[in-house]
Every structure is written in structure tokens, then in C-alpha cells.
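Letters go in sequence order (proteins before strands), and every chain restarts at 1.
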Number of protein chains: 2
Amino acid sequence: MGTSRTGAAGAASRISVSRTGRSAPAPRTGRKTPLSVVQPKSLPLNEILLGDCIANLEKLPPESVDVVFADPPYNLQLEQALTRPDQSLVDAVDDDWDKFASFADYDAFTRAWLSAVRRVMKKNATLWVIGSYHNIFRVGAALQDLDFWILNDIVWRKANPMPNFKGRRFTNAHETMIWASRGADSKGYTFHYDALKAGNEDVQMRSDWFIPICTGDERLKDENGRKVHPTQKPEALLARVLLSSSNPGDVVLDPFFGSGTTGAVAKLLGRNFIGLERDPTYAKAARKRIDAVVPLDDASVSAPPEKRTEVRVPFLSLIEGGYVKAGETLVDERRRHKAVVRADGTLALGPIVGSIHKIGALTQGFPSCNGWTFWNVERDGKLISIDEFRTKVRAEMAA
Amino acid sequence: MGTSRTGAAGAASRISVSRTGRSAPAPRTGRKTPLSVVQPKSLPLNEILLGDCIANLEKLPPESVDVVFADPPYNLQLEQALTRPDQSLVDAVDDDWDKFASFADYDAFTRAWLSAVRRVMKKNATLWVIGSYHNIFRVGAALQDLDFWILNDIVWRKANPMPNFKGRRFTNAHETMIWASRGADSKGYTFHYDALKAGNEDVQMRSDWFIPICTGDERLKDENGRKVHPTQKPEALLARVLLSSSNPGDVVLDPFFGSGTTGAVAKLLGRNFIGLERDPTYAKAARKRIDAVVPLDDASVSAPPEKRTEVRVPFLSLIEGGYVKAGETLVDERRRHKAVVRADGTLALGPIVGSIHKIGALTQGFPSCNGWTFWNVERDGKLISIDEFRTKVRAEMAA
DNA sequence: TCAAGGCTTGAATCGGCTC
DNA sequence: GGAGCCGATTCAAGCCTTG
């Protein structure tokens with residue numbers, strides 16, 4: 001999320017963020033409450049430290065933070081401009097802070113900041129790192145080599161990802177977060193299992209989270225209406241991270257603070273934060289943003305209800321679920337039209353292949369057709385709408 | 001999926017799987033059709049090679065396979081037995097083949113088999129590897145170090161994952177697959193974009209797949225009713241993998257064949273397979289399983305024609321076919337741009353002459369333009385896209 | 001004031017054949 | 001191998017304009 005990578009290792013500037021009425025840090029409510037709940041005096045709580053991330057980490061006292069959220073550069077390695085089908089240019093992440101000469105360089109950078117972060121983590125602290133396939137494998141391997149203990153990998157499924165414009169790959173619709181404790185012996189980490197379950201229709205929270213990307217009013221803009229930061233993360237993502245793995249009053253460290261999402265959500269949820277950021281423009285925008293946050297009541301700092309929308313079911317899932325078989329014949333309600341199911345989830349009408357909707361429309365000579373309600377299969381002499389199977393698949397997906 | 005790791009490097013036994021009525025491998029239908037569609041004589045098609053995976057890989061001819069699906073040991077590092085809330089014992093993966101002394105050992109193993117696999121991949125072959133957070137980060141980093149080029153990471157979201165019994169983590173509800181080409185210059189890989197889109201409600205297939213785990217009749221059991229293999233993958237998963245990234249007649253290699261899901265689905269979908277497996281019990285069960293598979297009709301498994309491989313039609317053919325007349329005016333959909341048709345199949349924009357694409361780009365000020373979908377002619381007061389005429393010309397050419 | 005439709009945009013390793 | 005050219009390619013949200 002930030003750029004605190006290559007700055008000078010000199011003395012850090014501090015940007016203090018206005019306090020919020022909340023006074024001293026609240027005591028941790030996790031089970032293994034430490035003897036002293038007061039943070040070390042030198043801990044710069046609710047401040048943004050300007051300067052090199054590793055140099056600043058080295059100035060913090062050891063074993064002093066409860067949770068770390070890190071959104072490091074992804075090392076995207078883009079080589080050419082990309083245009084949408086309408087010929088508009090995609091605004092790529094081409095900032096200097098995301099450029100590395102080689103994988104070896106990126107690995108060295110990764111191991112350096114991870115080591116520095118590990119030193120300031122309390123024994124039962126946990127670390128979150130987010131990334132994409134460009135960097136997450138290197139980050140994960142480095143974590144393991146440095147004796148972090150991976151607890152989960154979490155998939156952030158984007159509600160509205162950028163499409164694959166050239167049609168040469170699958171839509172890159174998710175990013176990956178790794179959640180790790182400081183070591184295999186750090187068994188007392190915070191995890192609000194019951195709260196998450198209660199907020200998730202009374203079933204355990206899974207490792208795949210469906211959350212929209214950051215847009216609209218939440219997205220920080222400068223005076224010219226341009227986005228302040230190219231990769232601002234949604235607050236909903238950070239909220240779930242902090243609600244699941246931290247307590248009110250905890251210290252949350254973000255070594256790549258960027259636009260300050262971690263700080264804004266920490267303040268909202270009654271956590272303390274420490275932000276490290278190299279770029280003064282980002283830090284200034286983050287401070288302004290955080291100052292405007294009004295913390296929630298202590299009582300309401302619990303898991304927010306999930307919003308549910310009806311999920312789109314690929315017809316292919318009906319084949320995969322065993323409801324419909326490749327090679328069998330679909331018919332309409334009056335058995336006037338037929339089409340054959342193909343293994344890839346398309347239908348064949350003689351030589352013509354298309355979706356259940358396209359073929360449904362074609363066989364009737366209509367411009368469009370809802371294939372779900374048009375097509376049926378025969379089971380024990382009776383016709384069953386494929387829409388019934390879709391309902392069942394949806395139920396399975398929700399379970 | 002299998003165990004072909006530590007076996008002796010001696011001569012491989014071959015377990016031949018009965019052929020299926022399907023005779024010689026069908027020619028690839030991808031664009032870069034090789035001069036010879038016959039596989040090298042020494043390629044052991046539709047066989048399971050017993051023995052050490054790397055030793056067997058080294059015996060295969062170079063650049064001979066089209067797709068690789070690999071389900072290597074996960075290196076789970078389980079330290080104690082796990083019980084459910086009702087105190088029943090969870091049947092964990094505790095086989096010898098999943099035990100490694102250290103991450104360094106696992107890395108060495110990973111790099112060895114990946115290198116051996118890369119040698120037998122054709123230039124435009126792609127590789128799929130599946131894993132969990134225990135091993136996938138190491139695999140991904142090794143892939144990148146060996147110059148594979150990652151195309152996507154795919155999340156297999158399990159419909160029915162095992163819950164987290166102790167309530168100390170998120171339900172581990174997914175596994176990760178990495179899809180990679182042999183190198184950054186391997187641009188001609190197979191990807192059935194249109195078929196996947198048509199089978200997915202006419203929107204692009206995303207990187208997160210929702211598929212049930214392997215249960216019920218699909219799960220191989222021995223005579224005592226115990227599962228044959230601890231990590232048998234669902235056929236639906238392999239089906240989507242092969243339908244998206246291979247053609248009928250292709251050679252699919254699985255270096256950790258295990259219970260033979262890759263072979264069973266390859267046969268079902270008219271692909272050839274090569275399976276490597278160290279454990280004779282697994283290989284025997286796989287052979288029996290594959291022998292029972294009845295392949296689908298060719299018509300159900302072939303990929304529908306991709307739009308980008310359709311016959312190229314010169315614009316001049318529209319004039320020759322009488323659909324468009326020399327001297328008439330083409331306009332865009334909103335009648336903002338105009339150009340005049342010349343007798344040689346070019347367009348004139350004032351003094352400038354060029355192709356339908358060039359002139360379309362020029363008049364809009366874009367770097368490029370698809371003239372077929374941009375330009376229209378007026379007929380009886382209505383605009384008709386010249387692309388409709390192209391469709392008619394194509395139909396005439398096919399007739 | 002509202003509804004409908006247009007425009008913009010998002011961490012992206014994004015074409016392929018012929019000459 | 002490089003240049004030139006044909007022509008294929010996007011989904012969901014949110015904001016804004018238009019009627």
C-alpha cells in the first residue's frame with residue numbers, strides 16, 4: 001500500500017494524527033492477557049513515520065506490536081501499454097517504487113523488511129501480507145524461511161475486478177493474503193472465531209472473502225480529481241482483518257502505509273496504529289483522511305453483517321455438480337426444441353455451439369432467451385427445469 | 001496427486017491402458033498446427049510409467065507434451081493427530097511420500113521435477129500445479145526462478161471443505177493452482193477463451209472456481225471400502241483445466257499420477273495422457289479406473305471455433321459479392337465519421353486512402369480500430385454493419 | 001425529481017501472422 | 001528477428017448527463 005522502501009535511512013519525521021477522544025490504549029481482551037497492558041513509552045502510537053521503512057522499524061522497541069498489515073510493492077513487471085477494447089488506455093501501476101531489477105533484488109528487499117517486522121512483533125502477534133501472483137509466492141517462501149508460521153492463506157475475491165481485455169487469460173479476479181504468526185510456538189494469537197461465525201450466518205468464516213474493490217467516495221482523490229494512490233485497499237477488507245485478529249487497544253503496524261486505509265480502519269475500530277511511509281504526499285493524504293474518521297462506540301466494534309447478493313452460477317457448474325451430464329439432451333417444456341450438452345458447459349444445436357441462452361434464442365428465432373427457465377432435462381419420464389438445479393448449486397455455494 | 005518421487009531410478013515398468021476406440025491422436029486444432037501431428041514414436045501414450053518421476057521424465061523426448069498437470073506432495077508438516085468435535089479421528093495425509101526433512105529438501109525436490117518437466121514441454125505447452133499454503137509459495141517461487149511464465153493463479157473454492165475443528169483459524173476452503181507457460185516468449189499457448197465464456201453466462205471465466213471436492217461414487221475405494229488415495233482430485237476440476245488449455249488429441253502429462261484423475265478425464269475428453277507414478281497400488285487402481293471410462297463423442301469435446309481463427313475475408317470480397325458498392329459512403333454507428341468506398345477495397349477519407357481499419361483509426365484519432373465493427377452502410381434508412389456482410393461471405397465460402 | 005443511458009475506471013506480467 | 005498490418009478484445013460500479 002505504500003512506498004517506504006528506498007528512502008534515506010536518516011531520522012524519521014513524525015506526522016502526528018489527532019487523537020480521538022479515546023485515551024490510553026484499552027487492555028487486550030484476548031485470552032493470554034499480558035501482565036503489562038501499557039505500551040512502551042517510546043512507541044509512536046497513531047503516528048505516521050516518514051522515511052525508510054526498515055530504518056524506522058529498527059528504531060521501534062522489540063516485541064511491541066500486536067498485528068502487522070503489510071501491502072508491499074507487487075513487482076508487476078509490466079512491459080507495454082494496455083488498451084481496452086474501446087481504445088482507452090489502462091492507467092497502470094508504473095510507479096518507481098514498484099520497479100525491481102530482478103527477482104533476487106525483490107527477494108532481498110522482502111527478507112529485509114520481513115526480518116525487521118518480525119523483531120517488533122510480540123510473541124503472539126500475527127502478520128498479514130497481501131499480494132498477487134507476481135510477488136506472493138516469493139513473499140510466502142520468505143516468510144517460511146524466516147520461521148514465520150502460516151495460519152491461513154486468504155483469498156480476496158473481487159466483486160468488480162478489471163476484466164482481461166485481450167481474452168488470453170482468466171480474469172484476474174482475486175488477490176491473496178497470507179496470515180502468519182511469529183513462529184510455530186506462538187499459539188496464543190488473537191482470533192475471534194465466535195464473532196466471525198456469528199457474523200457469517202452462524203457458519204465458520206472461510207478462507208475466501210468476497211469484497212468489492214475501493215471505488216466511489218471511499219477512494220481518495222487529489223484536487224484535480226485524480227486518485228491519490230494507485231492501489232488503495234477497501235476499508236471492508238481491513239475491517240475484516242482487524243476484527244478477526246486484533247482487539248480494541250491493540251497496536252497495528254503498517255510498514256507500507258500508503259493512503260492510510262489501515263490507520264483509518266484501526267481508528268474506526270478503536271485500535272492504535274503505527275504507519276510507516278516514505279512518500280510525504282501519501283502520508284499527508286493519509287493524515288487528513290484519518291483525522292476525519294469518527295471512531296465507533298466501544299460497544300459496536302464487532303463484526304459487521306455480511307451483505308449477500310445472488311451469485312451467478314455457470315451452467316458448467318451443473319455438469320461439475322453431477323446434475324446434468326455432458327452429451328445428454330435438453331428440451332423445452334413442450335419438447336419442441338432440443339440441444340445437446342457439451343462438456344465445456346455450452347450447448348450444441350447441430351453444428352452451432354453457444355451458451356444456454358444463445359442456443360435457446362436461436363432455436364426459437366428470438367433475439368434473446370433465458371436459458372435457465374427455457375431448458376429442461378428428463379428424469380424418470382418427467383421434465384425438470386435446469387433452474388431447479390441452479391437453485392441447488394446456489395444452496396451448496398452458500399453452505 | 002501421486003508419489004513418483006523417491007523410487008529407484010531403474011527402468012520403468014509400463015502399465016498400458018486399453019485404447020478406447022479412439023485411434024491415432026487427433027490433430028491439434030490450435031492455430032500453430034505443427035508440421036507433423038504424429039507424436040514421436042517413443043512417446044508412451046495412454047500409459048502409466050511406474051518408477052521415479054524424474055528418471056522417467058528424463059527418458060521422454062524433449063518438447064513432446066502439450067499440457068502438464070502436477071499435484072505434487074504438499075509437505076503438510078502435520079505434527080499430531082487431529083480429532084473432530086465428536087472425538088472421531090481425522091484421516092490425515094501422513095504418508096511417507098509427503099515427508100521432507102526441511103524446506104531446503106522440498107525446494108530441491110521441486111526444482112528437480114520442474115526442470116525435468118520443462119524439458120519435455122513443447123514451446124507453447126502450459127503447466128498446471130496445484131497446492132495449498134504449505135507448499136504453493138515454494139512451488140511458485142521455483143517456477144519463476146526456472147523461467148516459467150505465470151499466466152494466472154487459480155483458486156479452487158471447495159463447495160464442501162473440511163471445517164476447522166479447533167476453531168483457531170479460518171476454514172481452509174480453497175487450494176491454489178498456478179497456470180504457467182514454458183516461458184515469457186511462449187505466446188501461442190492454447191486457451192479456449194470463447195468456449196469458457198459461452199459456458200459461463202457469456203462473461204469471462206474468472207480466476208476463482210467453485211467446485212465440489214471428490215466424494216461419493218467418484219471417490220476410489222479399495223475392497224475394504226477405504227479410500228485408495230488420500231488426495232484424489234475431483235474430475236470436474238481436471239475437466240475445466242483440460243477444456244480450457246488443451247485440444248482433443250493433445251498429450252497431457254501428469255508426473256504425480258496417483259489415482260489417475262488426469263488420465264480418466266483426458267480419456268473422457270479425447271486427450272492422450274502420460275502418467276508417472278511410483279506406487280504400484282495407485283497405478284493399478286488408476287488403470288482399472290481409466291479402463292472403465294467411455295470417451296465422449298468428438299462433437300461434445302472439441303472446442304468451438306475461436307473467433308480469432310476464423311477465415312480472413314478481404315473487404316474487397318464484399319464489393320465483389322455485391323454487398324457494398326464502390327463509391328458509396330460508410331458511416332460509424334452515430335454517423336459522426338464518413339469514408340468513401342473505393343473499387344480496390346480501400347477507403348478514402350478526403351485525399352487519404354487506406355484499409356477499413358486504418359481509416360477507421362485515423363478518423364477517430366485512435367492508434368488502431370477494427371474496421372469491420374466500426375463501419376456501417378445505410379440500407380432503407382437503417383444502418384447495417386459491414387460485419388454482417390462478412391458473416392454472409394463466410395457462409396458462402398463454406399458452402 | 002427521477003429514470004435511463006452514457007462515460008469512466010480498476011495492482012494487468014493481455015495478439016499473431018506475414019514478409 | 002523485426003517491422004508492418006490485420007483486426008480481436010471488457011465487467012461491475014459509480015458518477016454524470018440527458019430527457
In whole angstrom, give the distance that lies between atom [atom1] of [X] and atom [atom2] of [N].
{"X": "B:Asn152", "N": "C:dA12", "atom1": "CG", "atom2": "P", "answer": "13 Å"}
{"X": "A:Asp95", "N": "C:dG10", "atom1": "CG", "atom2": "P", "answer": "12 Å"}
{"X": "B:Glu306", "N": "D:dA8", "atom1": "CD", "atom2": "C1'", "answer": "11 Å"}
{"X": "B:Glu310", "N": "C:dC17", "atom1": "CD", "atom2": "P", "answer": "15 Å"}
{"X": "A:Asn172", "N": "C:dC14", "atom1": "CG", "atom2": "C1'", "answer": "11 Å"}
{"X": "B:Trp375", "N": "D:dG7", "atom1": "CH2", "atom2": "P", "answer": "15 Å"}
{"X": "A:Ile213", "N": "C:dT8", "atom1": "CD1", "atom2": "C1'", "answer": "12 Å"}
{"X": "A:His229", "N": "C:dT9", "atom1": "NE2", "atom2": "C1'", "answer": "17 Å"}

Less than 6.0 angstrom from the centroid, inside 45 degrees of the normal: does A:Arg240 satisfy that with respect to the ring of A:Trp209?
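Yes, A:Arg240 lies over the aromatic ring of A:Trp209.
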Cation-pi check for A:Tyr106 against A:Arg138: NZ or CZ below 6.0 Å from the six-membered ring centre and within 45 degrees of the axis, yes or no?
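So A:Arg138 doesn't make the cation-pi contact.
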B:Asp387/B:Arg390 under salt bridge (charged side-chain N to carboxylate O under 4.0 Å, His left out): CA gap, chis, key distance, verdict:
CA-CA 5 Å; B:Asp387 205 30; B:Arg390 181 169 63 158; 2.8 Å; yes
Between [X] and [Y], does the ring centre distance come in under 6.0 Å?
{"X": "A:Tyr74", "Y": "A:His134", "value": "no"}
{"X": "B:Phe191", "Y": "B:Trp179", "value": "yes"}
{"X": "A:Phe109", "Y": "A:Phe100", "value": "yes"}

Quick check on DNA chain C: between B:Arg334 and A:Val90, whose nearest nucleotide comes earlier from the 5' end?
B:Arg334
Nearest nucleotide by nearest heavy atom, which residue falls closer to the 5' end of DNA chain C, A:Lys227 or B:Leu151?
A:Lys227
Wobble G-U and Watson-Crick pairs count when both distances are under 3.5 Å; given that, what is the 5' to 3' dot-bracket string of DNA chain D, with | for pairing to other strands?
.|||||....|||||||||
NA contact type, [X], heavy-atom cut-off 4.0 Å: base, sugar-phosphate, or nothing?
{"X": "B:Ile150", "value": "base"}
{"X": "A:Ala173", "value": "nothing"}
{"X": "B:Asp194", "value": "sugar-phosphate"}
{"X": "B:Cys369", "value": "base"}

Do [X] and [Y] get their side chains close enough for a donor-acceptor pair, meaning under 3.5 Å?
{"X": "A:Asp153", "Y": "B:His174", "answer": "yes"}
{"X": "B:Glu201", "Y": "A:Trp372", "answer": "yes"}
{"X": "B:Ser186", "Y": "B:Trp149", "answer": "no"}

Is the shortest side-chain N/O distance from [X] to OP1 or OP2 of [N] below 4.0 Å?
{"X": "A:Ser132", "N": "C:dA11", "value": "no"}
{"X": "B:His357", "N": "D:dC6", "value": "no"}
{"X": "A:Gln80", "N": "C:dG15", "value": "yes"}

With rounding to whole Å, what would you report as the distance between [N] and [M] at their [atom1] atoms?
{"N": "C:dA11", "M": "D:dC15", "atom1": "C1'", "answer": "23 Å"}
{"N": "C:dT1", "M": "D:dT18", "atom1": "C1'", "answer": "13 Å"}
{"N": "D:dT10", "M": "C:dG6", "atom1": "C1'", "answer": "16 Å"}
{"N": "C:dC14", "M": "D:dG7", "atom1": "P", "answer": "23 Å"}

Can you tell which of [options] lies closest to the side chain of [X]?
{"X": "A:Leu82", "options": "D:dA8, C:dA12, C:dA11", "result": "C:dA12"}
{"X": "B:Lys307", "options": "D:dG7, D:dT9, C:dA11", "result": "D:dT9"}
{"X": "A:Arg168", "options": "C:dA11, C:dG15, D:dA8", "result": "C:dG15"}
{"X": "A:Leu78", "options": "C:dC14, C:dG10, C:dA12", "result": "C:dA12"}

Does the side-chain contact (heavy atoms from CB on, under 4.5 Å) test come out yes or no for A:Leu276 and A:Asp254, once each step is laid out?
CA-CA 6 Å; A:Leu276 312 184; A:Asp254 186 334; over 6 Å; no
Walk along nucleotides 10-19 of chain D from 5' to 3' and tag each nucleotide B, S or - by protein heavy-atom contact under 4.0 Å, base first, then sugar-phosphate.
BBSSSS----
First locate atom CH2 of A:Trp156, then atom CE of A:Met177, and finally report the distance between them rounded to the nearest 0.5 Å.
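Here the rounded value is 8.5 Å.
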